[in-house]
A.B. asks: 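First the structure, then my questions, so here it is.
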Amino acid sequence: MGSTSAQNSEGLGRRDLIKRSAAIGVITVPTMSFLASCASSDSGKDQKVEKGKASAKNPLGVNETAPLDFVLFDGGFGTEYATDAVKGYNKVFPKAKVKFTPTQKIQSQLQPRFNGGTPPDLIDNSGAEQMDMGVLVGKKQLADLTPLLDAPSFDDPAKKVRDTLRPGIVEMGQFDGDPVWIMYYAYTVYGVWYSQTALDKLDAQYPEDWDAMLALCAKAKKKGIAGWTYAGKYPYYIPFSLYPFIGKIGGREVLDAIDNLEPGAWKHPAVKAAFEAYYELFKKGYILQGTPGLDHIQSQTAWTEGKALFIPNGSWVENEAAKTTPADFQMKVAAPSSLDSSDKLPFGTIWASGGEPFVVPKNAKNPDGGMEQLRVMLSEESSKNFTSKVKSLSAFNGGTDGLTLSTALQSGVDALTKAGDNVLNPRLQDWYVALQKEKIGTGVLGELMAGRITPAEAVKNAQAYADAAAKDQSIKHYKHQ
């Protein structure tokens, strides 16, 4: 893994055409400041509710009268799908009182509860204040979800829950060996999102290579339309299209090396080429003016208002941007354009993986109830409800039969079909949240796309941050198996 000379020896094509405009700078790398680690207190053990009696209708042995404490991230998917699932839980356990708490302040509200040994029973650990998954796993703060996965599925007792899930979901929840610590409930397609209507007005198709991308951006600029925008205040959205672009150029082993924090991984020619290509968007004035100051909602709104053609995002964007999306927008997602013909993987290579990470804390009072709530959510009925209401696929492998899919959701399904085996799943964002968001996302990509550092400086800075994380013995390190 990592950089090899082979990538340089096969004609570089457009790589030779992209020019750097500034000299390499010298940076000072600050000490890595990861999210506060969780206390390893076991004080919650004595507070657990008594185990219920296991049966065909209650395979996990949930205490039928015990309260359930469920905290959900109130983000792009909203809360209705979860409140509906809570009603499903209460149908099975009508005597159980469910405390349902939606919030956008996951870490600030829940970190003290973890430290005090009194966490909720089920958490949707997502959003800008997501708690660091690597820290939670490394500090042994999460319950192993294997009992849930091995339990009979809600719809078919002959099938285990694990046998009803989309490929890769179980593996995503694993960090080091067999235990499964996280259940990713949504199935997210990441990539370059656009309006087919906007392209039609320009008499254009989605550009399949970078020359065509730049030509289309130039055409749009003449019409007063920007080529791209992004969540400037949260530039860790940029990887949703940039990382699969890197993987497409250099092969999935480049992303694996980055995830593994291997020395020199960020210096791979594929990373350099991708950084230079994205920097060219800035240099040529193809990024919407003011983008570095926009948050995710503002950038999405500018996009749905037709001020920019493309935005890197995930499939939650359809629901999150619904209020500002015109009826004739024809929202779609596409894989990153090719850089040139020497790319290692074909056009259509895309990033798709589990989203909305649900966890059951080890010290929860009612962990069985937390897992049972997930079992209810992984039923066909609950999955169809989720897909219908939030316009996203779920981890349940199915749940679309009989549904009329929106243009955006259908484009996601079509993109997965086109990708075939070329579906990438970078892990940096869930193995090392602080590195991904604070350092690479904000400190490198945000600065690069705003034109405040050059591609060469971005490569150097990213590698320095990754090296610092690799040497930091206070965090647990993970590798692709």
Side-chain angles (χ1 to χ4, degrees), residues 2-4 7-8 12-27 29 190-192 209-211 213-214 217 227-232 235-259 261-287 291-292 310 312 336-340 342-345 349 351 424 426 428-429 435-437 439-467:
S3 178
T4 64
Q7 275 77 19
N8 267 331
L12 294 183
R14 273 197 45 77
R15 296 167 176 76
D16 296 331
L17 300 178
I18 301 175
K19 304 296 183 182
R20 287 177 292 171
S21 62
I24 297 176
V26 179
I27 62 164
V29 182
Y190 302 96
V192 182
D209 63 59
W210 204 248
D211 282 327
M213 171 61 76
L214 293 178
C217 288
W228 287 63
T229 189
Y230 58 90
Y236 46 82
Y237 277 52
I238 296 169
F240 297 151
S241 61
L242 179 62
Y243 283 3
F245 188 40
I246 291 171
K248 184 188 184 312
I249 296 169
R252 66 179 71 235
E253 63 270 16
V254 180
L255 296 179
D256 287 352
I258 288 172
D259 291 341
L261 304 183
E262 293 181 17
W266 286 96
K267 296 180 180 180
H268 192 283
V271 177
K272 177 175 176 288
F275 280 9
E276 288 176 341
Y278 269 47
Y279 186 69
E280 197 168 9
L281 296 173
F282 162 76
K283 288 285 290 180
K284 291 183 178 294
Y286 296 155
I287 296 174
T291 286
F310 305 111
S337 308
S338 300
L339 184 64
D340 57 41
S342 69
D343 287 1
K344 296 298 181 183
L345 296 174
T349 298
W351 178 2
L424 304 175
L428 199 70
Q429 75 287 341
L435 172 63
Q436 162 73 2
K437 289 188 174 182
K439 304 301 180 181
I440 303 300
T442 302
V444 176
L445 301 181
E447 295 298 291
L448 174 71
M449 296 303 287
R452 291 189 286 263
I453 60 174
T454 66
E457 290 171 322
V459 167
K460 184 177 180 180
N461 294 8
Q463 189 60 60
Y465 288 135
D467 289 343

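None of the values given here were measured: they were computed from a predicted structure.
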A.B. asks: Find out whether Leu428 and Leu261 are in side-chain contact, i.e. whether some heavy atom of one side chain is under 4.5 Å from a heavy atom of the other.
C.D. replies: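 A side-chain contact exists here, since the closest heavy-atom pair is under 4.5 Å.
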A.B. asks: List the atom of Pro235, the atom of Gly446, and the distance in Å for their closest heavy-atom pair.
C.D. replies: CB-CA, 3.6 Å
A.B. asks: Do Trp228 and Met213 have side chains that approach each other closer than 4.5 Å (heavy atoms only, starting at C-beta)?
C.D. replies: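 Yes - at least one pair of side-chain heavy atoms lies under 4.5 Å apart.
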A.B. asks: Could you tell me the separation between the CD1 atom of Ile249 and the CG atom of Leu345, rounded to the nearest 0.5 Å?
C.D. replies: 10.5 Å
A.B. asks: If you round to the nearest 0.5 Å, how far is CD of Glu276 from OG1 of Thr454?
C.D. replies: 9.0 Å
A.B. asks: What are the two closest non-hydrogen atoms of Pro239 and Pro244, and how far apart are they?
C.D. replies: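 Smallest heavy-atom distance, with atoms named: O-CD, 3.4 Å.
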A.B. asks: Give, for atom CG of Asp259 and atom CD of Glu253, the distance between the pair rounded to the nearest 0.5 Å.
C.D. replies: 12.5 Å
A.B. asks: Taking the side chain as every heavy atom from C-beta outward, state whether Leu242 and Phe275 have any pair of such atoms under 4.5 Å apart.
C.D. replies: yes
A.B. asks: Can you check whether Asp340 reaches Trp210 side chain to side chain, under 4.5 Å on heavy atoms?
C.D. replies: no
A.B. asks: Identify, with sequence neighbours excluded, every residue that meets side-chain contact (heavy atoms from CB on, under 4.5 Å) alongside Tyr286.
C.D. replies: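 With sequence neighbours excluded, Tyr286 shows a side-chain contact (heavy atoms from CB on, under 4.5 Å) to Leu214, Cys217, Ala218, Lys221, Leu281, Lys284, given in chain and number order.
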A.B. asks: Mind checking the CG-CD1 spacing from Leu255 to Ile246? Nearest 0.5 Å is all I need.
C.D. replies: 6.5 Å
A.B. asks: Kindly indicate whether the side chain of Met449, heavy atoms from C-beta on, has any atom under 4.5 Å from the side chain of Pro292.
C.D. replies: no
A.B. asks: Within a strict 4.5 Å, meaning less than it, do heavy atoms of the Ile238 and Tyr278 side chains meet?
C.D. replies: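 They are in side-chain contact.
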A.B. asks: Quick check: closest heavy atoms across Pro312 and Thr229, and the distance to 0.1 Å?
C.D. replies: CD-O, 3.3 Å
A.B. asks: So does Leu339 get a backbone contact from the side chain of Asp209, meaning a donor-acceptor N/O pair under 3.5 Å?
C.D. replies: no
A.B. asks: Looking at every heavy atom in both Pro336 and Val192, which two are closest together, and how far apart are they?
C.D. replies: CA-CG2, 4.3 Å
A.B. asks: Within the side chain of Gln463, is there an N or O that forms a donor-acceptor pair under 3.5 Å with the backbone of Trp266?
C.D. replies: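 Yes, the answer is positive, given that a donor and an acceptor are paired below the 3.5 Å cut-off.
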A.B. asks: So, taking the atom named OH in Tyr243 and the one named CD in Gln436, what distance separates them when rounded to the nearest 0.5 Å?
C.D. replies: 4.0 Å
A.B. asks: Do Trp351 and Pro426 have side chains that approach each other closer than 4.5 Å (heavy atoms only, starting at C-beta)?
C.D. replies: yes
A.B. asks: Do the side chains of Tyr230 and Ile287 get nearer than 4.5 Å, heavy atoms only?
C.D. replies: yes
A.B. asks: Which is it for Thr349 and Asp343 under the side chain to side chain contact (heavy atoms under 4.5 Å, CB included) test, yes or no, and what are the steps along the way?
C.D. replies: CA-CA 11 Å; Thr349 298; Asp343 287 1; over 6 Å; no
A.B. asks: Pair Tyr236, Leu445 - check side chain to side chain contact (heavy atoms under 4.5 Å, CB included), show working.
C.D. replies: CA-CA 7 Å; Tyr236 46 82; Leu445 301 181; over 6 Å; no
A.B. asks: Would you give the length of the straight line joining atom NE2 of His268 to atom CD1 of Ile258, rounded to the nearest 0.5 angstrom?
C.D. replies: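 Interatomic distance, His268 NE2 to Ile258 CD1, rounded to 0.5 Å: 9.0 Å.
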